Amino acid sequence: MTDTHTNLHADIDRGYEQFFRQNRLPHLWCPGCGNGTALKCIAEAIEGADGITQDNTVIVSGIGCSSRGSGYMDFDTVHTAHGRAIPFATGIKLARPELNVIVITGDGDCTAIGGNHFLHGCRRNVDLTVVLFNNNIYGMTGGQTSPTTPTGMSTTTAPYGTVDRVLDACRIAEAAGATYVARSTAFHVKHLTQMIAGGLESHGFSLIEAIVQCPTAYGRRNKMGAPAAMLAWMRDHAVMKSAWDKLPPEKRTPDKFPIGLLHACEGAEYGAANAEIMRRAGGL
């Protein structure tokens with residue numbers, strides 16, 4: 001039995017592990033947290049991408065549970081100030097346009113304190129791949145309400161239920177000018193990897209929202225059960241985009257949400273436009 005068990009594990013492709021700093025593991029995320037799953041999906045998307053290597057890729061993060069992710073990845077990485085991952089990443093991309101720049105951020109980091117940078121990163125269409133780990137709460141700082149906390153759910157700053165309406169990062173990204181917008185969940189592992197891979201291939205601002213479970217700060221307070229139960233909730237409430245488009249309005253209830261490629265279009269990329277301005281200025 002031992003030999004069979006060993007052989008089964010030997011057949012599993014674990015090539016993505018080359019992209020992790022083994023001396024930083026195990027990670028410090030809570031048991032059952034979905035951030036590790038999303039981080040693995042990023043590594044697998046990089047592994048399957050053409051032309052993306054550890055030498056030509058930079059990973060930038062802000063502050064929060066999700067933003068710890070950059071420290072575990074064996075690339076040139078930057079752990080920046082709260083909400084400032086996108087402007088740091090923009091500077092790197094403009095200075096070194098040949099690099100692949102990936103941003104790991106969270107719902108608070110990206111859409112609250114970093115909301116202005118998020119809007120203008122989309123508007124400029126900077127060639128960045130932004131993976132937003134959305135756990136619907138400020139997990140690292142004590143479980144406060146974030147812009148994506150569903151209305152009525154309990155947090156430390158809204159113990160009787162938040163009255164704020166939910167901010168939809170994907171709809172905002174599309175409206176602001178991002179050219180690739182997708183969403184998936186920690187339950188749909190292969191699908192999330194595919195959505196991130198599509199963002200890496202896209203030339204322009206790519207947002208991939210990864211819905212991840214936070215059993216400690218969010219799930220426990222809202223009596224959502226163990227991590228497996230939270231994953232089951234994602235399974236039962238996420239609807240593939242093709243099926244979502246066919247749903248009548250009355251079936252699109254607040255507890256359901258579409259996943260998949262939500263928006264894709266062509267658009268002038270900011271770095272290329274900036275390079276053209278520099279060329280013109282040099283010819284004066």
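Just so we're clear, the structure is a prediction, and the values are computed from it rather than from any experiment.
Q18 places a side-chain N or O within 3.5 Å of a backbone atom of G15 that can act as its donor or acceptor partner. Of the possible donor and acceptor atoms, one in the side chain of R21 sits under 3.5 Å from a partner among the backbone N and O of G71. In terms of modelled atom types and a separation under 3.5 Å, the side chain of T157 and the main chain of T145 share a donor-acceptor contact. E98 places no side-chain N or O within donor-acceptor distance of the main-chain N or O of N56, the cut-off being under 3.5 Å.
The two residues A45 and A197 come nearest to each other via the heavy atoms CB-N, 3.8 Å. Scanning both residues, N125 and G267, for their nearest heavy atoms gives ND2-O, 3.4 Å. Considering all non-hydrogen atoms of both residues, D109 and A85 come closest at OD2-CB, 4.4 Å.
V58 places none of its side-chain heavy atoms less than 4.5 Å from the side chain of K93. Residues R68 and L28 form a side-chain contact, since some pair of their non-hydrogen atoms from C-beta on lies under 4.5 Å apart. The shortest distance between side-chain heavy atoms of T151 and V166 falls below 4.5 Å. With contacts defined as side-chain heavy-atom distances shorter than 4.5 Å, the pair I86/F118 qualifies. Taking 4.5 Å as the limit, some side-chain heavy atom of L119 sits within range of a side-chain heavy atom of I172. Side-chain contact check for Q213 versus L231: some heavy-atom pair is nearer than 4.5 Å. I104 has its side chain out of reach of V60: every pair of non-hydrogen atoms, C-beta onward, lies at least 4.5 Å apart. M240 has its side chain within reach of H188: a pair of non-hydrogen atoms, C-beta onward, lies under 4.5 Å apart.
Taking CE of M195 as the reference point, atom CD1 of I259 lies at 8.5 Å (rounded to 0.5 Å). Taken to the nearest 0.5 Å, the CD atom of E44 stands 11.0 Å off from the CD1 atom of I42. Between the CG atom of D168 and the CZ atom of R183 there is a distance of 5.0 Å, given to the nearest 0.5 Å. The CG atom of N135 sits 8.5 Å away from atom CE of M230, with the distance rounded to the nearest 0.5 Å. Rounded to the nearest 0.5 Å, atoms CG (L132) and SG (C110) are 5.0 Å apart. From M224, atom CE reaches atom CH2 of W233 across 6.0 Å, with rounding to the nearest 0.5 Å.
With hydrogens and angles left out, the side-chain atoms of D55 and T53 include no donor and acceptor closer than 3.5 Å. For the 3.5 Å distance criterion, the side chains of N35 and S66 fail to qualify, holding no donor opposite an acceptor. Under 3.5 Å, the side chains of S70 and S61 contain a donor-acceptor pair of N or O atoms. A donor-acceptor pair shorter than 3.5 Å cannot be found between the side chains of D107 and T111. Judged by distance alone, the side chains of T57 and Q54 never bring a donor and an acceptor atom under 3.5 Å apart. Defined by atom type and a distance below 3.5 Å, a donor-acceptor pair is missing between the side-chain atoms of S154 and N222. Remark: the R84 side chain and the H117 side chain contain an N/O donor-acceptor pair separated by less than 3.5 Å. Side chains of T155 and T149: a donor-acceptor N/O pair is absent below 3.5 angstrom, by distance only.
Residues I92 and V130 are members of one and the same hydrophobic cluster, defined by side-chain heavy-atom contacts under 4.5 angstrom among Ile, Leu, Val, Met, Phe, Trp and Tyr. Put simply, I102 and Y180 are part of the same group of oily side chains (I, L, V, M, F, W, Y) that touch within less than 4.5 Å, one to the next. Both I196 and V212 are members of a single hydrophobic cluster when ILVMFWY side chains are connected at heavy-atom separations under 4.5 Å. When the side chains of ILVMFWY residues are joined at heavy-atom separations under 4.5 Å, either directly or via intervening members, L39 and I208 end up in a single hydrophobic cluster. No single ILVMFWY cluster, assembled from side-chain heavy atoms under 4.5 Å apart, contains both M140 and Y138.
No salt bridge links R171 with E174; every basic N to acidic carboxylate O contact stays at or beyond 4.0 Å. Look at E250 and R252 and you find no salt bridge, because none of the NZ, NE, NH1 or NH2 atoms lies under 4.0 Å from a carboxylate O. Salt-bridge formation is not detected for the pair D236/K256: no Lys NZ or Arg NE/NH1/NH2 atom is positioned less than 4.0 Å from an Asp or Glu carboxylate oxygen.
Of the listed residues (T185, N134, T148), just one forms a side chain to side chain donor-acceptor pair (under 3.5 Å) with E209, and that residue is N134. The only option from D74, T77, V103 that meets the side-chain contact (heavy atoms from CB on, under 4.5 Å) definition with I59 turns out to be T77.
Within 6.0 Å of the CD atom in Q22, the count of heavy atoms belonging to other residues, nucleotides or ligands exceeds 12.
Sorted by first then second residue, the ring pair (Phe, Tyr, Trp, His ring centres under 6.0 Å) pairs that include residues 54-96, not counting sequence neighbours, are F19-F75, W29-Y72.
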